[in-house]
Amino acid sequence: MKKLLAISVSFIIVFMCGCSKESKFGVQQLVERMNNTFETDFKTEEFSLSKDDNGNSLFLTRNGKLILLSLDNDNNIKGISLLITADESIENSQELYCQLCSVFTGNDLEKQKEIFNEAEFFSDKIKFADSNSLITVGRYKYSIICNAYAITFFCEKI
């Protein structure tokens with residue numbers, strides 16, 4: 001009976017660990033999760049590498065949007081940003097930003113939207129004019145920087 005219990009507990013532990021989402025992941029996992037969860041059509045090979053003094057980052061330009069993934073030394077994502085220009089819809093971009101943040105933080109989409117609604121993060125202030133907004137929730141800092149030419153949404157681990 002003890003052997004059966006030990007085998008059962010070991011079996012459960014192994015499979016429970018396999019079902020959890022890791023807190024650190026790279027572009028491949030982000031693309032897979034976005035495509036599976038939100039039916040997007042991102043491809044890993046569409047991201048281009050950029051190097052600067054702050055480290056490596058990957059970027060993707062598509063339909064007037066720029067998605068930038070900041071990477072740590074192990075090539076895990078440490079921050080996400082979404083830049084849009086005046087040609088893009090602010091509402092559609094907010095939805096994409098919520099989806100990216102949801103995957104990055106491990107929250108489901110409704111929980112992510114609830115976080116933003118409670119903090120009044122998406123207010124009428126988001127327009128192509130000089131303004132900014134910043135909130136910190138748990139281990140993540142969210143910010144929006146607006147000017148006459150572009151709006152940039154940020155989400156990063158702190």
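Just the heavy atoms: all of them, side chains too, but no hydrogens, waters or symmetry mates, feed the values below. Since we're looking at a predicted model, the values are computed, not measured.
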Please round to the nearest 0.5 Å and tell me the distance separating atom [atom1] of [X] and atom [atom2] of [Y].
{"X": "C98", "Y": "E114", "atom1": "SG", "atom2": "CD", "answer": "12.0 Å"}
{"X": "F38", "Y": "L100", "atom1": "CZ", "atom2": "CG", "answer": "8.5 Å"}
{"X": "E118", "Y": "I135", "atom1": "CD", "atom2": "CD1", "answer": "9.5 Å"}
{"X": "E39", "Y": "Q99", "atom1": "CD", "atom2": "CD", "answer": "10.0 Å"}
{"X": "L71", "Y": "I77", "atom1": "CG", "atom2": "CD1", "answer": "6.5 Å"}
{"X": "L60", "Y": "S48", "atom1": "CG", "atom2": "OG", "answer": "8.0 Å"}

Between [X] and [Y], what is the shortest heavy-atom contact and its length?
{"X": "K51", "Y": "L49", "result": "CE-CD2, 3.8 Å"}
{"X": "F47", "Y": "V27", "result": "CD1-CG2, 3.8 Å"}
{"X": "F128", "Y": "I84", "result": "CE2-O, 4.1 Å"}
{"X": "S93", "Y": "F153", "result": "CB-CE1, 4.2 Å"}
{"X": "C146", "Y": "A129", "result": "CB-O, 3.1 Å"}
{"X": "F104", "Y": "K157", "result": "CZ-CG, 3.8 Å"}

Hydrophobic cluster membership, [X] vs [Y], 4.5 Å side-chain cutoff:
{"X": "L96", "Y": "I126", "answer": "yes"}
{"X": "F154", "Y": "V103", "answer": "no"}
{"X": "L82", "Y": "F122", "answer": "yes"}
{"X": "L58", "Y": "L83", "answer": "no"}
{"X": "L109", "Y": "M34", "answer": "yes"}

> Tell me, do D74 and K24 make a side-chain contact under 4.5 Å, heavy atoms counted?
Replying inline: no

> Do D41 and R62 have side-chain heavy atoms sitting under 4.5 Å apart?
Replying inline: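 Yes, at least one pair of side-chain atoms sits under 4.5 Å.
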
>> Out of the candidates I67, I80, N35, only one should pair with L30 under the side-chain contact (heavy atoms from CB on, under 4.5 Å) rule; please name it.
In response: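 Of I67, I80, N35, side-chain contact (heavy atoms from CB on, under 4.5 Å) with L30 is met by I80 alone.
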
>> Treating N76 as the side-chain partner and D72 as the backbone partner, does any N or O pair qualify as donor plus acceptor under 3.5 Å?
In response: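 Such a contact is absent between N76 side chain and D72 backbone.
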
> So, does S102 use its side chain to make a donor-acceptor pair with the main chain of Q112 at under 3.5 Å?
Replying inline: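 Checked: no pair found.
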
> Does a sphere of radius 6.0 Å around CD in E120 hold more than 12 heavy atoms from other residues, nucleotides or ligands, not counting ones at 6.0 Å or beyond?
Replying inline: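 It does not: E120 CD has 12 such atoms or fewer within range.
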
> Got a sec: does the NZ of K141 have more than 12 other heavy atoms crowding it under 6.0 Å?
Replying inline: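 No, because the 6.0 Å sphere around NZ of K141 holds 12 heavy atoms or fewer from other groups.
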
> Relative to the ring of Y97, is the ring of F116 parallel (under 30°), tilted (30 to 60°) or perpendicular (over 60°)?
Replying inline: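 Ring orientation of F116 relative to Y97: parallel.
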
>> As a quick check of understanding, evaluate side-chain contact (heavy atoms from CB on, under 4.5 Å) for C101 and Y140, giving each step before the final call.
In response: CA-CA 10 Å; C101 289; Y140 297 95; over 6 Å; no

> Could you go step by step and tell me if Q94 and K113 meet the side-chain contact (heavy atoms from CB on, under 4.5 Å) rule?
Replying inline: CA-CA 10 Å; Q94 284 176 312; K113 287 180 178 181; over 6 Å; no

>> Tell me which pairs pass salt bridge (charged side-chain N to carboxylate O under 4.0 Å, His left out) where either residue lies in residues 84-94, with sequence neighbours left out.
In response: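 Counting only pairs at least two positions apart or across chains, the salt bridge (charged side-chain N to carboxylate O under 4.0 Å, His left out) contacts touching residues 84-94 are K65-E88.
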
